[in-house]
Every structure is written in C-alpha cells, then in structure tokens.
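Below: one structure in structure tokens.
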2 protein chains.
Amino acid sequence: MDVRTICLGILTRGDATGYEIKKTVEEDGHRHFAEASFGSIYPALNRLTEEGLVSVRAEAQEKRPDRKVHTITRAGRRAFVASLMEPLPEDRHRSPFVFAMLFADLLPKDHVSRMLGAYIAHTEEKLSRLQQADAKPRREGERFADGLVTAAYAAVLDYLRIQRAKIETTAAQAAE
Amino acid sequence: MDVRTICLGILTRGDATGYEIKKTVEEDGHRHFAEASFGSIYPALNRLTEEGLVSVRAEAQEKRPDRKVHTITRAGRRAFVASLMEPLPEDRHRSPFVFAMLFADLLPKDHVSRMLGAYIAHTEEKLSRLQQADAKPRREGERFADGLVTAAYAAVLDYLRIQRAKIETTAAQAAE
DNA sequence: GTCGACCTATATCGAGCCTATATAGCGTGG
DNA sequence: CCACGCTATATAGGCTCGATATAGGTCGAC
C-alpha cells in the first residue's frame, strides 16, 4: 500500500499532523504490515493537499514550528474507499534473517545459533507486545489484524523453538 | 537484505546471468522473504563487478544479446559472509490486504467477504506450492526456510477460515 | 541545578529500489 | 499466421527510506 493511501486511511480516523501519522504507523497493529517514513509522509501530504483530498490548517505555536493539522476531505474519503476497492497489491515480505539462514552452511555454527536465539527473543517480544495491546478495546478491523499477526508470529515462534531444540540435540550427540 | 547481498548469495550456489538471478529470487523458497527487480539487479551486478566481488564473462550468442555470466570471486565470498555476520536489518512485512481490513467498516460487506475469500484462495495456493516443493531434495537451510514460511501460512490460513466462518454465522443470524 | 537524552514537529537530500518500457529473436498454441 | 510468452539486457522516472538539520521543551540522573 503506498504512503498516500496509508495517510488517507489514518486521516479517516481523525485529524493529524505528519508527525502523528508517523507515530500511528509505528504502533503495534500497523507496524506489522504497513510502514512509512517522514521522507515519504511529508511529500505525500503536500501532494494530497494540492489534489484536494486533504485540507490543512496551520496551528501557530510559540517558538516551535507550526503544527500543520491535516483533515481528510469528502473527495479524499471517496478516493480512499475507491483505492481499497480496486485489486490490492500483493503482500511483500522481507526477512534478512531467513535469507541468512539459507546460507547457514557458510557460517560458523555458534554464530548461527546466536542468530536463531536473537530472532526467537525478538519474536517473543513482538508477540508479548501484541498480547498486551489485545487487552485494549479496539475496532473490529484492528482486532482482526492483530489476531492474524498474532497467529502468524505464534506459529513462527513454535517452529523456531522446535528447530532450536533439534539443533541442540544434534550438537549434544556430536559431542558424545 | 539489499539486492547486492541477494546477488552475492545466489552466486555462491553457482554462476548466473542477471536474468537467472531474477528467476531464482522469484522461485518458491526465496519469494516469500526476499525480492529483487531487474532495475536493481543489473546495476548491482555492474557495481559488484567494478568492486571485484564478481567477475563476468560474456558468452556471445547468435542474433541475441550476449549472456553475461557472473561468477563470485574469493573477495565476494568473504564480503558476503561478512555481511551475514553483522547485525541483520529488521524484517519488513507489508500487507495491503490486512491494511484494507482495518477499514472494513468503510466498505460494503459483500466486498469485504469477496476480499477475504480471494485472500484465502491465494494463501491456499501459496501453501500448496510450498508443499510440492517440499518433496524435492534440498539444502538444510532451504528446508528450514520453507518450513518456517509453511508454518506461518498454515497458521494464517487457519485464522482466516475461522474468521470467515464467524462472519457467515453472524450474517445468517442477522438474516433470521 | 544543570546536563544529556529524548520528545515534538517540519523538511530535504542522496541512495536504493520498483515499475514500466525498449529492444529483439525464438518457440508454442490456437 | 498471429499473439503471447520466454530469454536477455538495459534505462528513465518515480517512490520510499535513512540520515541529517533545525529548534525548543520535558524529565530524570547526578
């Protein structure tokens, strides 16, 4: 999903500055399947404003840069819904960790187990943060998304733990 | 993982042209966690060649563009292993589908169920292709990667089927 | 109390990557 | 016989990211 559409989507839930949009995308619930950086958000908002899909009011602040609060227009809502209705782009997943594991045979064995351990710890952390968020009341769609991501992470974690156990058993047998 | 590193990795498994590298990345097993386009592969190979990490021999073909067959050098192997040893970039996942589901409340209900159905079918297809590939003999790392991706897709599919069933039940109750 | 670290808030630049397009002959199916 | 898809390379334009710049505010540590 391009940054334009992400911005429009977040603005359907309420007015926001570019900075606030960035924070929202980083939150659990979004972070696992959508991303956007400042370098793409600010130009996107400017272009959306030019096109009349978004309006801006500058709130002057003393001795601080103006807060440029963005509001989605009726045309913006229409454009957003239209873009969700047309065929969606494919999912894209990139995992440097899995890529590296493809070449585990070229790496020292102890480094591979450290990598695996670190990745497991990292996944555990993501999962526990998701489960904390699960307590808060949320919109239907948010619960759906969190549930899907949680299911995926839990399955990956299971798999990784089994693989680690296998590696340890093999190593122990070799040491005999 | 950047395209340079992806190219080097594939070349550790054998010589290849840019075109062949593209095909390899598209294959099941790679496609689910790494990507690269022609527009990034060709420049990457040229730069790797300049840097001495890759060597090229042009195989002239009659009435066709030369096949530029790339071979990884010893320096290239060292650089590749070194890049796998240093801290890996974070995983990145983008799912326009999950993003769209976040805004299901703004869309017509029947369109949402069509989206869900299409995504389920798509995931089923990916999973069955992975299970076919499972039959072929493969390197340790490839089995690990396929296993991880399979576990993730299977869990997502389970979750989606349950959610679909819930939606249908709710719809049936509403129709009463 | 004051210093460093972090937060709000905007913005741009360079680098990296993707999409679409161009070229060109060959094989295959309808 | 024609359209489509495959092999094979390459580039232009546009989108996105990461890093950096600016600038004052808050808050905890020492």
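Numbered from 1 within each chain, the chains take letters A, B, ... in sequence-line order.
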Under 4.0 angstrom, heavy atoms only, what part of the nucleic acid is A:Ser37 near: base, sugar-phosphate, or nothing? base
State whether B:Tyr19 places a side-chain N or O below 4.0 Å from either non-bridging phosphate oxygen (OP1 or OP2) of D:dT9. no
Please determine, for the side chain of A:Arg47, which listed nucleotide (D:dC15, D:dT9, D:dG18) has the closest atom? D:dC15
Members other than A:Ile162 in its cluster, when Ile, Leu, Val, Met, Phe, Trp, Tyr link by side-chain heavy atoms under 4.5 Å? none
With a 6.0 Å cut-off on ring centres, are B:Tyr19 and B:Tyr42 close enough? no
Is the centre of the B:Phe97 ring less than 6.0 Å from the centre of the A:Phe33 ring? no
Heavy atoms within less than 4.0 Å of DNA chain D: which residues of residues 1-12 of chain A have one? Give them sorted by number. A:Asp2, A:Val3
Where the side chain of B:Glu20 meets the backbone of B:Thr17, is there a donor-acceptor pair that is under 3.5 Å apart? yes
Let me know the distance between CD1 of B:Ile21 and C1' of D:dT9, rounded to the nearest Å. 13 Å
Mind checking what makes side chain to side chain contact (heavy atoms under 4.5 Å, CB included) contact with B:Ile167, not counting sequence neighbours? B:Leu116
Using whole Å, what does the distance between atom P of nucleotide D:dC6 and atom NZ of B:Lys22 come to? 12 Å
Taking the ring of B:His93 and the ring of A:His32, is the distance between their centroids below 6.0 Å? no
Once side chain to side chain contact (heavy atoms under 4.5 Å, CB included) is applied, do any residues pair with A:Arg57, and if so which ones, sequence neighbours excluded? A:Asp15, A:Glu59, A:Val69, A:Thr71
So if I take residues 80-101 of chain B and measure heavy-atom distances to DNA chain D, which residues fall below 4.0 Å? B:Arg92, B:Arg94
B:Thr123 side chain to B:Leu157 main-chain N or O, any donor-acceptor pair under 3.5 Å? no
Heavy atoms under 4.0 Å, any strand shown: does B:Ala44 hit a base, just sugar-phosphate, or nothing? nothing
B:His70 NE2 to D:dA8 C1': how many Å, rounded? 11 Å
B:Ile41 atom CD1 is separated from D:dT9 atom P, nearest whole Å, by 10 Å
Would one find a side-chain N or O of A:Lys23 under 4.0 angstrom from OP1 or OP2 of C:dA9? no
Within the pair A:Thr17 and C:dT10, is there a side-chain N or O less than 4.0 Å away from OP1 or OP2? yes
So with a 6.0 Å cut-off around CD of A:Gln131, is the heavy-atom count from everything else above 12? yes
Tell me which one of A:Val56, A:Leu8, A:Leu48 satisfies side-chain contact (heavy atoms from CB on, under 4.5 Å) with A:His70. A:Val56
For the pair made of CG in A:Leu45 and P in D:dC15, what is the distance, rounded to whole Å? 14 Å
With a 4.5 Å cut-off on side-chain heavy-atom distances among I, L, V, M, F, W and Y, is there a chain of contacts connecting B:Leu106 to A:Leu11? yes
Between protein and nucleic acid, restricted to nucleotides 11-13 of chain C and to nitrogen or oxygen atoms under 3.5 Å apart, what atom pairs and distances do you find?
unit_1 : atom_1 : unit_2  : atom_2 : d
C:dA11 : OP1    : A:Lys68 : NZ     : 2.9

Within a 6.0 Å radius of atom CD on A:Glu124, are there more than 12 heavy atoms belonging to other residues, nucleotides or ligands? yes
Nearest whole Å is fine: how far is D:dA10 C1' from B:Arg67 CZ? 17 Å
